[in-house]
Amino acid sequence: MKCSICKEKAVIELNYLKKAFCKEHFIDSFEERVKKHVEKNKLVDKNDKIVVGVSGGKDSLTMLYLLNKWYPGQVSALTVDEGIKNYREHTIKIVEKFVKEWGINYKKLSFKEGIGFSLDEICKKLEGIPCSYCGVFRRYLLNKGAREMKATKIAIGHNLDDEAQSIMMNLFQHGLQRFVRMGPLSGVVDNEKFIRRIKPLREITEKETRAYFFIKKFPHDIWECPYMQFAFRHNIRKMLNDYEKDNSGTKANIVKSYDSFIKKFKKTKYNIVFCEKCKEPTSSNICRACIIKEEFYERTRNKGKTKN
Ligand code: SF4
């Protein structure tokens with residue numbers, strides 16, 4: 001297998017692009033494609049203050065590195081510690097080392113301090129799927145934390161695989177509101193309490209981010225979230241990976257089809273309201289975070305009564 005550009009030995013073959021690259025040309029192509037995506041979709045403005053949501057995984061660290069390289073002085077990092085024992089404490093160490101090395105302004109928030117309980121505690125009390133609680137509170141705290149950091153955009157590390165999975169998940173679950181809010185710049189309303197999200201890696205596959213990450217010798221984590229097995233996304237990922245094996249380009253085609261289809265819907269204005277309890281932006285009278293909190297405390301109160 002030879003590099004499509006210099007004909008030297010290739011280190012990666014990208015079937016969906018019908019190309020192969022040596023190390024040097026892969027790095028160039030990767031960065032060029034991410035930059036082009038950011039510019040084409042006007043994801044970053046010269047006055048933007050970007051807060052990158054960093055988990056310590058390859059996608060978020062790669063994105064943090066690139067945005068900080070291209071937009072120095074405009075980028076900060078924010079980690080949300082969900083409180084997942086034997087997992088998050090390790091990845092946080094990686095983030096702390098990374099931001100120190102690159103001199104990036106950094107803030108950390110936790111479920112425990114921001115919500116009142118950790119994800120581990122929620123999972124002991126409520127029977128739902130851990131990822132659904134995790135997603136609600138992580139989005140909630142990311143938005144709140146980024147606003148406190150005076151951000152105009154939140155960057156999240158969704159790659160092409162993640163985006164294809166999200167499209168399918170929303171279709172399977174009839175999540176039409178979420179479905180129309182997706183895209184490179186997600187959210188459909190401009191509101192000072194709601195910080196819009198950008199996805200710089202949206203046209204790059206997971207395989208490529210992994211390769212970029214290792215070639216760059218960034219510190220990598222070996223830990224996997226213990227709740228991963230319960231995630232609906234996990235099943236969709238397996239399904240799409242299997243399909244992609246025999247039908248290269250499937251994930252890219254899902255995202256392309258979504259983009260063509262959604263163009264006209266993006267013109268629709270959606271009303272944003274504020275939660276009657278916490279005053280954070282939401283799409284209903286009481287936000288999902290407050291509903292889960294109430295459920296959690298209700299269980300705690302009932303458990304106390306049984307004991308007495
Ligand atoms: Fe949260 Fe689920 Fe991801 Fe674990 S796998 S960090 S529970 S969303």
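Remember, predicted model here, so these are calculated numbers, not experimental data. Atoms within each ligand, like the ligands themselves, are counted from 1 in listed order.
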Atom indices of ligand 1 within 4.0 angstrom of Leu119 heavy atoms, with elements: 7 (S)

Students should be able to answer this: which protein heavy-atom is nearest to atom 4 (Fe) of ligand 1, and at what distance? Cys225 SG, 2.3 Å

For atom 1 (Fe) of ligand 1, what is the closest protein heavy atom, and at what distance to 0.1 Å? Cys134 SG, 2.4 Å

Selection from Met228, Gln229, Arg138 by shortest heavy-atom distance to atom 3 (Fe) of ligand 1: Arg138

Would you please indicate yes or no on a ring centroid separation below 6.0 angstrom for Tyr227 and Tyr87? no

Any salt bridge between Glu96 and Lys93, counting N to O under 4.0 Å? no

Nearest non-hydrogen protein atom, atom 2 (Fe) of ligand 1: Cys131 SG, 2.3 Å

Tell me if the CD atom of Glu31 is crowded by more than 12 foreign heavy atoms within 6.0 Å. yes

Check each atom of ligand 1 against the heavy atoms of Tyr227 and keep those under 4.0 Å away; list them by number with element. 7 (S)

Between Glu208 and Tyr16, does any side-chain donor sit less than 3.5 Å from a side-chain acceptor? yes

Salt bridge check, Arg202 against Asp259: does any charged N sit closer than 4.0 Å to a carboxylate O? yes

